[in-house]
Amino acid sequence: MTKRTCSVPECERPTVGRGLCRMHYQRMRTHGTTDPVPRQKAAPKPCSVDGCESDQIARGLCNKHYQRMAIKGSVADPTPRGRSICTVEDCDELCVGRGFCAKHYRRFMHHGSTDTVRQRTVCSVEACDRFVNAEGLCQFHLRRARKGTDLLAPKRSPRQGCEAEGCDQPHHCRGLCEKHYHERYTKPKRAQYEQARRERLAALSPVEKAALREERRRYYQENRERIQEQRKAAYVRQYAEDPAPWRAAKSRRRMRLDRKMTREDARISTDYRRAIVNDACFYCSATEADCVDHFFPLAKGGTDHWWNLVRACTSCNGSKHAKCGTRFMLMVGLL
């Protein structure tokens with residue numbers, strides 16, 4: 001059975017009643033015809049207020065008078081919204097909100113009243129002119145009270161100096177200068193941390209140690225410049241504080257250089273250093289090689305003979321440290 005379609009020509013919609021589709025059926029019921037009926041817009045009516053020629057939008061009023069009626073309650077108030085005088089006595093400033101000027105409006109929003117705000121009291125501690133924060137105390141003395149510190153104790157400043165006997169350095173923390181503070185508090189904690197770190201590393205398996213070394217190597221390669229700058233800054237600072245350990249290390253290095261070397265060997269070594277000054281890095285072949293490295297390190301018995309000298313860049317020389325050249329090249333994948 002085929003479904004019937006609308007009887008209006010060129011309309012193929014299914015019928016819903018009287019042989020017509022839903023659209024034409026609604027037209028027939030409303031207008032009495034299935035032809036399109038143009039909508040006729042009603043002519044605008046003027047505002048009901050005398051002397052106003054604007055078109056009305058609601059309740060017989062134009063937009064301006066409708067807004068005035070909704071806010072002021074009357075269409076006869078000629079004062080624009082927000083430009084009236086402040087309602088507070090003896091105040092002739094213009095309103096900004098709730099019938100108040102800017103000053104009284106802020107006072108009302110912060111304190112709930114337009115009256116003059118009471119003056120803040122001063123800290124109850126003698127000779128303290130700071131304002132009260134809580135419990136009759138300023139913020140500084142309130143922290144002392146909660147820590148159990150004497151409220152009348154003088155405030156420590158760098159000019160008071162270190163409490164250590166015979167030390168005239170400025171105060172840093174806890175009554176001590178920076179040097180004595182690190183000796184008393186930082187170094188013991190650092191020693192405990194290093195001991196725990198050694199125990200933790202000793203408990204790792206060989207696979208975990210290899211993974212840890214690989215992770216450290218990757219981190220160093222990604223942050224090489226920053227780490228080198230930090231090491232240089234630490235060296236300058238530590239050498240300025242106490243140069244004795246660095247001078248002792250340099251003396252030990254000179255002793256290693258002179259070991260098993262004759263005057264002829266030293267002369268040949270010096271000439272060889274001049275001969276390789278323009279060579280590339282022995283390890284990575286970088287053109288900027290500004291260091292002379294001992295292939296077999298001095299710390300492990302190497303000498304300063306010419307056959308133990310190679311040209312190296314700063315990066316490879318620092319990474320190799322006290323390793324044998326062959327081991328270093330195997331570790332970084334150069335062999």
Side-chain angles (χ1 to χ4, degrees), residues 1-124 128-143:
M1 179 178 179
T2 59
K3 195 172 183 179
R4 293 186 300 172
T5 58
C6 181
S7 59
V8 176
E10 299 182 359
C11 181
E12 298 179 355
R13 298 183 184 91
T15 60
V16 295
R18 297 185 181 181
L20 300 173
C21 63
R22 186 178 299 278
M23 179 182 71
H24 291 106
Y25 182 74
Q26 292 293 340
R27 284 184 184 176
M28 178 63 70
R29 291 190 60 186
T30 305
H31 306 289
T33 179
T34 59
D35 298 332
V37 179
R39 292 185 179 182
Q40 296 182 358
K41 188 176 180 180
K45 298 180 180 180
C47 179
S48 59
V49 178
D50 296 337
C52 182
E53 298 179 355
S54 301
D55 297 337
Q56 60 178 248
I57 59 167
R59 297 185 181 180
L61 301 174
C62 64
N63 184 44
K64 179 180 70 175
H65 291 104
Y66 181 78
Q67 295 292 337
R68 187 179 295 174
M69 174 64 74
I71 297 172
K72 303 287 185 178
S74 173
V75 296
D77 188 3
T79 306
R81 183 186 181 189
R83 303 301 298 176
S84 58
I85 304 301
C86 180
T87 56
V88 178
E89 189 177 358
D90 298 331
C91 181
D92 55 357
E93 299 291 334
L94 296 177
C95 287
V96 296
R98 297 196 178 186
F100 302 127
C101 63
K103 179 180 71 174
H104 292 105
Y105 179 76
R106 286 195 300 269
R107 189 178 294 174
F108 178 80
M109 295 301 292
H110 290 170
H111 307 287
S113 173
T114 58
D115 298 335
T116 304
V117 182
R118 62 184 181 87
Q119 298 294 330
R120 296 180 65 181
T121 57
V122 182
C123 179
S124 59
C128 180
D129 55 355
R130 301 183 186 91
F131 289 121
V132 169
N133 181 273
E135 301 178 11
L137 300 173
C138 63
Q139 188 174 6
F140 174 74
H141 289 105
L142 182 63
R143 286 200 301 266

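All values below were derived from every heavy atom in this structure, side-chain atoms included, with hydrogens, water molecules and symmetry-related copies excluded. Source: prediction; values computed, not measured.
We find the CD-CG distance between Q67 and L61 to be 10.5 Å, quoted to the nearest 0.5 Å. In this structure, CD on Q139 lies 11.5 Å from SG on C123, to the nearest 0.5 angstrom. Note: S124 OG to L137 CG = 4.5 Å, rounded to the nearest 0.5 Å. Atom OG1 of residue T114 and atom CD of residue E89 lie 10.5 Å apart, to the nearest 0.5 angstrom.
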ask   = Under the side chain to side chain contact (heavy atoms under 4.5 Å, CB included) criterion, do E93 and H104 qualify, and how do the steps go?
value = CA-CA 10 Å; E93 299 291 334; H104 292 105; over 6 Å; no

Pair T5, R13 - check side chain to side chain contact (heavy atoms under 4.5 Å, CB included), show working.
CA-CA 5 Å; T5 58; R13 298 183 184 91; over 6 Å; no

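Listed by chain and number, the residues in a ring pair (Phe, Tyr, Trp, His ring centres under 6.0 Å) with F100 are F108 (sequence neighbours excluded). In terms of the ring pair (Phe, Tyr, Trp, His ring centres under 6.0 Å) criterion, Y25 has no residue partners (sequence neighbours excluded).
In terms of heavy atoms, R27 sits closest to T34 at NH1-O, 3.0 Å. Annotation for L20 and M28: closest pair CD1-CB, 4.1 Å, computed over non-hydrogen atoms. A pairwise comparison of heavy atoms in C95 and I85 identifies SG-O, 3.2 Å as the closest pair. Between C21 and C6, the shortest heavy-atom contact is N-SG, 3.4 Å.
T15 contributes no side-chain N or O that, together with a main-chain N or O of G17, makes up a donor-acceptor pair within less than 3.5 Å.
Other residues, nucleotides and ligands place no more than 12 heavy atoms under 6.0 Å from the CZ atom of R29.
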Can you give each donor-acceptor pair under 3.5 Å made by side-chain atoms of residues 46-58, sequence neighbours left out, with the distance rounded to 0.1 Å?
from : atom 1 : to  : atom 2 : distance (Å)
S48  : OG     : G60 : O      : 2.7
Q56  : NE2    : P46 : O      : 3.0

